[in-house]
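Each remark here refers to the structure printed beneath this line.
Every number for a ligand or one of its atoms is a count from 1 in the order of the listing. These numbers were taken from a predicted model, which means no experiment stands behind them.
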Amino acid sequence: MKIVLIGFMATGKSSVAPVVAGRLGLDVIEMDDLIVEKSNAESIMEIFETDGEAAFRELERAVGKDLQHRDNVVISTGGGVVMDKTIMGYLADGGVLIELSAPFETLIKRISPDIPRPLFADVEQAKALYKLRRPLYSKYAAIHISTDDKSIDDVAQEIVKQVQNL
Ligand code: S3P
């Protein structure tokens, strides 16, 4: 089984993925980690600052391709994958796409201002991105789960239940 978590930044993908993987006996992959490994940088922020978003997206696409035929895995994606049809093709190949969602106000509260994130420096810009992408997460995913007011464990349990019913 290949489970792919999609959703906007701070919807809980990275926190929930290892718990789901543990429950189902699957590997866990954080796409952002593989992107950093493929780059010459130390962090996602550094890739954005040094080489720009286009370079980041190119690496993201290469990582997506590497994951096309991965199995027995839970993949935590970056929030921007839905903007690229090619990446979504790789992720959807043999995969179950699961959308994690929460209202924008919740996401803002979850994001620490002390840890800078690309694309989140300006709240209005982030909100515009959220509005643009929200319908895409819904469109691509077969399963939709709200993470608002829920613990990581609650969300993981919901995912396990849903995929076992497939
Ligand atoms: C991005 C989301 C980030 C990371 C990069 C770009 C986006 O991942 O891939 O900063 O475009 O929404 P998370 O969704 O895991 O924060």
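The residue from V74, V96, V16 that alone fulfils the side chain to side chain contact (heavy atoms under 4.5 Å, CB included) condition with I159 is V16.
Below 4.0 Å from some heavy atom of I44 lie the following atoms of ligand 1, by number and element: 5 (C), 10 (O). Near G78, meaning under 4.0 Å from one of its heavy atoms, ligand 1 places the atoms 8 (O), 9 (O), 14 (O). In summary, the atoms of ligand 1 found under 4.0 Å from a heavy atom of K13, numbered by their order in the structure, are 13 (P), 14 (O), 15 (O).
Residue G79 has at least one nitrogen or oxygen atom sitting less than 3.5 Å from a nitrogen or oxygen atom of ligand 1, judged on distance alone. At least one N or O atom of R117, backbone or side chain, sits closer than 3.5 Å to an N or O atom of ligand 1. The shortest N/O to N/O separation between E30 and ligand 1 does not fall below 3.5 Å.
The aromatic rings of F120 and F104 lie parallel to each other, their planes meeting at an angle below 30°, with 60° marking the opposite boundary.
The closest protein non-hydrogen atom to atom 12 (O) of ligand 1 is R133 NH1, 2.6 Å. Closest to atom 9 (O) of ligand 1 among all protein heavy atoms lies D32 OD1, 2.7 Å. Looking only at protein heavy atoms, the nearest one to atom 5 (C) of ligand 1 is F56 CZ, 3.7 Å.
Using a 4.0 Å cut-off between a side-chain N of Lys or Arg and a carboxylate O of Asp or Glu, E58 and R61 do not qualify as a salt bridge. Using a cutoff of 4.0 Å between basic side-chain nitrogens and carboxylate oxygens, E99 and K139 are not scored as salt-bridged.
If you look at L119 next to ligand 1, the close heavy atoms, those under 4.0 Å, all belong to the side chain.
For atom 11 (O) of ligand 1, the nearest non-hydrogen atom from the set R57, M31, M45 belongs to R57.
Side-chain polar atoms of T147 and R110 form a donor-acceptor pair below 3.5 angstrom.
In this structure, the side chain of R133 engages the main chain of G79 through a donor-acceptor pair within 3.5 Å.
In this structure, the side chains of K2 and L26 stay at 4.5 Å or more apart for every pair of heavy atoms.
Residue D84 comes nearest to T86 through the heavy atom pair OD1-N, 2.9 Å, listed as atom of the first residue, atom of the second, then distance.
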